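Accompanying notes for the structure given below.
Sequential numbering from 1 along the given sequence is applied to the chain's residues. If you're wondering where the values come from, they're calculated on a predicted model, not measured in any experiment.
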Amino acid sequence: MTGENGPAAMTSQAIVTVEAYLDAFGARDTENILSRFTPDATWTIPGDPALTPWAGSLPGPEGIRQSLTAFFEAVEPLAFALGTMVEVDGHVLAPGRYTSRFHPSEHVLDSEMIMRFAVTDGLITDYRVFEDSLGITRAYRGEPTTRTGTYR
């Protein structure tokens, strides 16, 4: 297969799965998001859930739903740019940059992150995000900025 700019790259099933997840996440469609995970999937967002309610390592659909509900209530996305995803043996790395407003502090954080997905048979078995969890907590709580992320 050839595209306008030369040979078309084949997209792996794992990347297609992650793209579908990201579309559902962008639409804040919790049920669609949950349908992308296995029943025993793990969901890890580093941080202290006592300080940032959507953080923690949560198993299964109810743990994921709990995190999503808290995140969607507290975080207003302002911008998101996804870099080139890379897949090796069912593990997808998805780098990106985002700008979000955190409620109730109203602070805006600009930061980078990378998401790691493990995908088997078209479903996500493990999700982890690597990001400035301290910067996020500070923005959410209305505390002074960090060096790695900036907010206003």
Side-chain angles (χ1 to χ4, degrees), residues 1-49 51-72 74-102 108-140 145-151:
M1 180 187 287
T2 303
E4 284 182 17
N5 299 321
M10 295 294 289
T11 302
S12 74
Q13 178 184 1
I15 288 179
V16 169
T17 298
V18 170
E19 288 172 336
Y21 160 81
L22 291 170
D23 287 345
F25 192 88
R28 293 181 169 228
D29 183 344
T30 300
E31 296 310 313
N32 194 351
I33 292 167
L34 293 174
S35 75
R36 307 295 168 184
F37 287 84
T38 61
D40 61 345
T42 54
W43 170 276
T44 304
I45 299 181
D48 182 344
L51 300 174
T52 313
W54 59 92
S57 186
L58 304 165
E62 287 313 307
I64 296 169
R65 180 186 305 278
Q66 174 187 335
S67 180
L68 290 169
T69 299
F71 181 85
F72 291 155
V75 182
E76 176 188 346
L78 301 176
F80 179 77
L82 185 64
T84 301
M85 287 190 274
V86 177
E87 185 267 334
V88 176
D89 296 329
H91 289 85
V92 177
L93 298 177
R97 180 163 197 82
Y98 62 89
T99 304
S100 297
R101 182 183 325 279
F102 292 83
V108 173
L109 176 71
D110 301 300
S111 194
E112 293 179 307
M113 54 79 190
I114 189 162
M115 297 170 281
R116 184 191 69 202
F117 300 85
V119 179
T120 302
D121 298 327
L123 293 173
I124 300 166
T125 61
D126 183 65
Y127 167 79
R128 176 180 286 268
V129 65
F130 300 89
E131 59 188 348
D132 180 6
S133 57
L134 179 58
I136 289 168
T137 297
R138 287 181 171 174
Y140 171 68
T145 189
T146 66
R147 285 190 221 147
T148 58
T150 59
Y151 64 81

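Between Leu109 and Tyr98, the closest side-chain pair of non-hydrogen atoms falls below 4.5 Å. Within the 4.5 Å cutoff, no side-chain heavy atoms of Asp132 are placed close to those of Arg138. Considering only heavy atoms from C-beta on, Met115 comes within 4.5 Å of Leu22 through its side chain. Side-chain atoms of Thr17 and Ile124, non-hydrogen and from C-beta on, do get closer than 4.5 Å to each other. The side-chain heavy atoms of Ile15 and Gln13, taken from C-beta on, include no pair separated by under 4.5 Å. Two residues are said to be in side-chain contact when any heavy atoms from C-beta on lie closer than 4.5 Å; Val129 and Pro46 meet this criterion. The side-chain heavy atoms of Ser67 and Ile45, taken from C-beta on, include a pair separated by under 4.5 Å. Taking the side chain as every heavy atom from C-beta outward, Met113 and Phe130 never approach each other to under 4.5 Å.
Of all heavy-atom pairs spanning Pro49 and Gly47, the tightest one is CD-O, 3.4 Å. A pairwise comparison of heavy atoms in Pro61 and Pro39 identifies CD-O, 3.3 Å as the closest pair. For the residue pair Gly63 and Leu58, the shortest heavy atom distance occurs at O-CD1, 3.2 Å.
Taking OG1 of Thr44 as the start and CG of Asp126 as the end, the distance is 6.0 Å to the nearest 0.5 Å. Distance check, rounded to the nearest 0.5 Å: OG of Ser35 to CG of Asp29 gives 8.0 Å. To the nearest 0.5 Å, the span separating CE on Met85 from CG on Leu93 amounts to 10.5 Å. Of the inter-residue distances, the one linking Arg116 atom CZ with His91 atom NE2 reads 6.5 Å to the nearest 0.5 angstrom.
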Notebook entry, point to check: side-chain contact (heavy atoms from CB on, under 4.5 Å) between Thr30 and Thr69: does it pass, once the steps are laid out?
Noted result: CA-CA 8 Å; Thr30 300; Thr69 299; 5.6 Å; no

Check: Do Asp110 and Arg97 pass the salt bridge (Lys or Arg N to Asp or Glu O under 4.0 Å) test, and can you show the C-alpha distance, the side-chain angles, and the key distance before you say yes or no?
Finding: CA-CA 7 Å; Asp110 301 300; Arg97 180 163 197 82; 6.0 Å; no

Next item on the list: Would you check, one step at a time, whether the test salt bridge (Lys or Arg N to Asp or Glu O under 4.0 Å) holds for Arg65 with Glu31?
Entry: CA-CA 9 Å; Arg65 180 186 305 278; Glu31 296 310 313; 2.6 Å; yes

Check: Would Glu76 and Leu78 count as a side-chain contact (heavy atoms from CB on, under 4.5 Å) if you check the C-alpha gap in whole Å, the side-chain angles of each, and the deciding distance to 0.1 Å?
Finding: CA-CA 6 Å; Glu76 176 188 346; Leu78 301 176; 3.7 Å; yes

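Thr125 contributes a side-chain N or O that, together with a main-chain N or O of Ala118, makes up a donor-acceptor pair within less than 3.5 Å. Under the 3.5 Å distance criterion, the side-chain polar atoms of Gln66 are left unmatched by any main-chain donor or acceptor of Leu68. Looking at Arg28, its side chain does come within 3.5 Å of a backbone N or O of Phe72 through a donor-acceptor pair. When atom types are taken as modelled, the side chain of Thr38 and the backbone of Ala41 share a donor-acceptor pair closer than 3.5 angstrom.
When the ring pair (Phe, Tyr, Trp, His ring centres under 6.0 Å) test is applied to Phe117, the partners found at least two apart in sequence or on another chain are Tyr21, Tyr127.
Taking the six-membered ring where tryptophan is involved, the planes of Phe71 and Trp54 are perpendicular, since the angle between them exceeds 60° and thus also 30°.
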